Participant: 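After the structure tokens below, expect a handful of questions from me.
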Amino acid sequence: LFCTVLCCICSGAILSITMWGRMRGCGKNAVGQAWKLEHLVERLPCNMDALLNDSVLTVNMPKMIVVQNRRLGFILRILQLTTVVGMIWYGFWNGGCYREFTPTGFRQSLWSRAVMPKTAHRPHCLQPKSYWYNLSHISSARPTGCKWLPHESSYADPSSYTVGVQGLFFPLHIQDEIVGFSSSCQNDGSCNTSDDFFLENPEDQLLSIFHGFEVGSSDGSWVARGVSTDARITTGPALGGQRSTNGEMVTHIVRADGSSCSVGGRSVWMAVDSQLGITGSLGEWLECAGVTLDTNPRVLSPDMPQGLAPHLRTMGFSLQVRLDYRNVREMNHVDCTMSVRVLPAWTVRKHTDIIDHPGTGDSGRPIVSRSRRTMGASVSLKVTGAFERFDFERTLRFFVDSIVLMQVPIYFIRFLALFCMGSLSSVYRRARSTKVSLFRDFTSALARMMVASSAYRHLIGAAWDDPATELPGLTQGMMFEQMRDVFAEPIQSGVLQVDDLRRMTATLFTNLDKDGTGEIGCSEFIQAFISHDAIKVEDVAHFFSRYGKKRKVSSVLRGWLDDSYQLREESYKAARQQQIVSSRTGNIQMDQEQAGAESKSSSSIVTSISETFSESGDARLDGTGINESQHHNVPGAGVSALMLADVQQSEAGTPRRSLKWLQDEIVTLRENTPRDGLKSVWAQTMQQQGATSTYASSSRELDYLSLLSALQVVLADVERRLEKLEIKDMEG
């Protein structure tokens with residue numbers, strides 16, 4: 001685009017300066033400047049005028065080839081219909097015209113509430129030895145029972161902190177190391193004890209989830225927000241401005257397979273039900289994940305059979321709650337799909353406490369240090385999903401892509417038609433493409449031009465041997481008569497009136513009469529006849545012209561880039577060789593025919609002159625038919641020495657005369673030619689015996705006749721020389 005605009009600006013500037021120079025052309029200086037500018041335009045590598053008129057200031061319309069084949073047409077329409085249906089599905093049902101936004105968490109939080117044990121008859125409390133394990137250097141466990149710790153049933157977990165949300169940690173398995181210092185203990189005053197136990201009812205602890213989303217453009221001009229406790233979804237600017245209410249959000253709790261899962265007595269939570277959070281026990285959340293606290297972690301991670309405890313309760317795990325937000329495209333409804341996933345991994349929290357423990361002994365109150373190692377469930381939230389919103393840019397791109405894809409069926413059918421249908425494909429290929437070769441197309445162009453010239457001669461009733469420049473013009477009346485014959489049937493049927501035909505003829509005649517002379521010449525008719533052809537008369541003339549005005553730079557570039565000129569030179573060489581062979585053969589035959597004709601002509605002249613002078617008896621003729629007593633020698637080579645018998649000689653025996661000799665002979669003839677001229681003298685030679693005294697009374701008449709014969713010989717010699725020079729010029 002930049003190059004096109006730059007070319008337009010430069011072309012306009014050059015043309016404007018040229019026109020300005022022409023308009024100022026009152027003085028010689030201005031005219032000279034204008035001529036220099038025009039010369040500069042001509043010397044440019046490209047034709048700027050053609051660039052403007054044929055490329056820039058035009059509208060290009062493609063030419064269409066219509067193949068009338070019903071089967072191919074039916075297949076094409078089926079493919080196009082399938083493409084349209086696919087594009088509509090992709091654009092409107094699959095989101096091709098919508099921009100996708102990724103939501104983030106908004107006002108999310110996790111809460112827990114301790115629940116008193118309902119029963120102590122639980123397997124992990126009644127049979128703790130079944131949970132013992134020893135993983136050598138990794139970990140070991142020997143729980144002895146269960147304890148109820150109301151203040152440590154759950155607590156905030158900074159290590160499971162997510163974006164905007166601090167995680168929760170539910171203890172499951174605790175191992176304590178207690179170290180006390182007192183005089184009643186060992187020799188060094190330290191007393192070491194350990195304790196290994198389960199929490200009594202971690203499955204019954206309640207977990208409440210508050211969640212929400214925020215999604216919008218990167219510049220903050222459009223942001224949508226929604227929370228689980230509010231039935232409204234608001235949209236508008238991120239900061240300030242008026243926000244509008246569009247719809248509500250609904251939370252669906254599902255399993256890993258997509259089926260509904262009930263937490264807190266329901267699987268679908270509306271905003272009115274979530275005022276205190278989406279609440280359920282830890283056991284219910286684990287059930288939605290498809291596990292329990294006694295599940296073997298190796299089942300969840302079969303690729304990690306080593307280094308795992310036999311139960312989730314003894315090693316801990318990560319409980320991830322996924323929140324997937326999706327919207328209806330009008331943004332009047334948002335669905336949040338909540339699912340739970342358990343990630344088996346060692347989840348350990350360690351902390352050390354320093355406490356005072358009342359005791360007995362001489363030292364009074366000993367100091368006790370407790371190191372607690374807790375395995376439990378770490379709960380966190382993860383936000384996923386996508387929001388779709390109508391976007392004009394993507395819609396425009398969708399339509400552009402649709403236009404491109406609609407061409408695929410056309411290209412497919414075109415390939416079948418052009419290459420897969422045998423001989424019919426050859427016809428289609430020729431009809432589809434027009435091969436342009438200047439050297440080859442000149443033949444057909446010249447043939448059409450000659451047909452146009454012949455048609456013009458027929459229209460005006462001219463003879464075939466009249467020169468084209470001397471032919472009379474085609475008048476408007478003659479054109480009207482021809483047009484009336486062409487439109488005879490529409491006039492008879494009443495579709496076209498005679499007055500309409502006259503106006504049509506006048507309009508066409510004005511367009512064809514380019515020079516405004518009131519007549520259509522032969523050249524104008526030919527130009528109109530070949531107006532739709534790519535090759536014009538001047539193109540043929542320029543192509544075959546070897547000597548013209550000084551070539552432009554574009555002509556030089558054309559010689560480098562176009563191979564038509566190479567083909568032209570090769571054809572020239574072939575034509576020269578053929579002409580040389582034919583000229584040699586033709587010259588021999590022509591010389592023989594010419595010699596025979598000249599022999600007959602000279603013999604008749606000599607016989608006529610001899611008879612004339614023999615009847616008159618005034619003079620005696622020599623062998624050349626010239627009176628010896630009245631013979632006059634012309635300065636130069638001597639005309640009397642030119643024997644008429646030389647005309648009958650072959651090319652090798654023909655006397656060679658110089659141009660100087662011919663010039664002297666012509667000058668002498670001019671000086672001695674009678675007023676009536678050679679025509680009168682030649683007419684007198686054809687007279688009978690009554691004209692004998694005229695020849696006898698002059699000393700130059702017979703020399704004229706001899707010179708005419710000599711001129712025939714000289715002209716034949718000149719023609720042969722010119723032919724040889726032309727052959728040499730063509731070869732060189």
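The shown structure was predicted, so the numbers you read here are calculated from the model rather than taken from an experiment.
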Participant: Could you pull out all donor-acceptor pairs under 3.5 Å where a side-chain atom in residues 67-79 meets a protein atom, sequence neighbours excluded?
Facilitator:
residue, atom, partner, partner atom, Å
Asn69, OD1, Arg71, N, 3.2
Asn69, OD1, Leu72, N, 3.3
Arg77, NH1, Gln80, OE1, 2.7

Participant: List in chain and number order the residues that pass disulfide bond (SG atoms under 2.5 Å apart) with Cys288, two or more places apart in sequence or in another chain; answer none if no residue qualifies.
Facilitator: Cys261

Participant: Check this for me: Arg113, atom CZ, are more than 12 non-hydrogen atoms of other residues, nucleotides or ligands nearer than 6.0 Å?
Facilitator: no

Participant: Would you please classify the geometry between the Phe390 ring and the Tyr98 ring as parallel, tilted or perpendicular, with 30° and 60° separating the classes?
Facilitator: perpendicular

Participant: Without hydrogens or angle criteria, can the side chains of Asp219 and Ser217 be said to hold a donor-acceptor pair below 3.5 Å?
Facilitator: yes

Participant: In the structure I gave you, are the side-chain heavy atoms of Ile174 and Arg372 within less than 4.5 Å of one another anywhere?
Facilitator: yes

Participant: Would you mind telling me which of Ser112, Ser378, Pro202 makes a side chain to side chain contact (heavy atoms under 4.5 Å, CB included) with Phe170?
Facilitator: Ser112

Participant: Please, which pairs that meet ring pair (Phe, Tyr, Trp, His ring centres under 6.0 Å) have at least one residue in residues 255-286, sequence neighbours excluded?
Facilitator: none

Participant: Under the rule for side chain to side chain donor-acceptor pair (under 3.5 Å), what residues qualify as partners of Ser402, not counting sequence neighbours?
Facilitator: none

Participant: Do Arg322 side-chain atoms and Ser339 backbone N/O form a donor-acceptor pair below 3.5 Å?
Facilitator: no

Participant: Does anything in residues 312-336 form a ring pair (Phe, Tyr, Trp, His ring centres under 6.0 Å)? List the pairs, not counting sequence neighbours.
Facilitator: His211-Tyr325, Phe213-Tyr325

Participant: Is any side-chain heavy atom of Met375 closer than 4.5 Å to a side-chain heavy atom of Leu172?
Facilitator: no

Participant: Which residues satisfy the disulfide bond (SG atoms under 2.5 Å apart) test with Cys97, sequence neighbours excluded?
Facilitator: none

Participant: Using side-chain heavy atoms (C-beta onward) and a distance below 4.5 Å, is Leu286 in contact with Val340?
Facilitator: no

Participant: Got more than 12 heavy atoms from elsewhere within 6.0 Å of CH2, Trp132?
Facilitator: yes

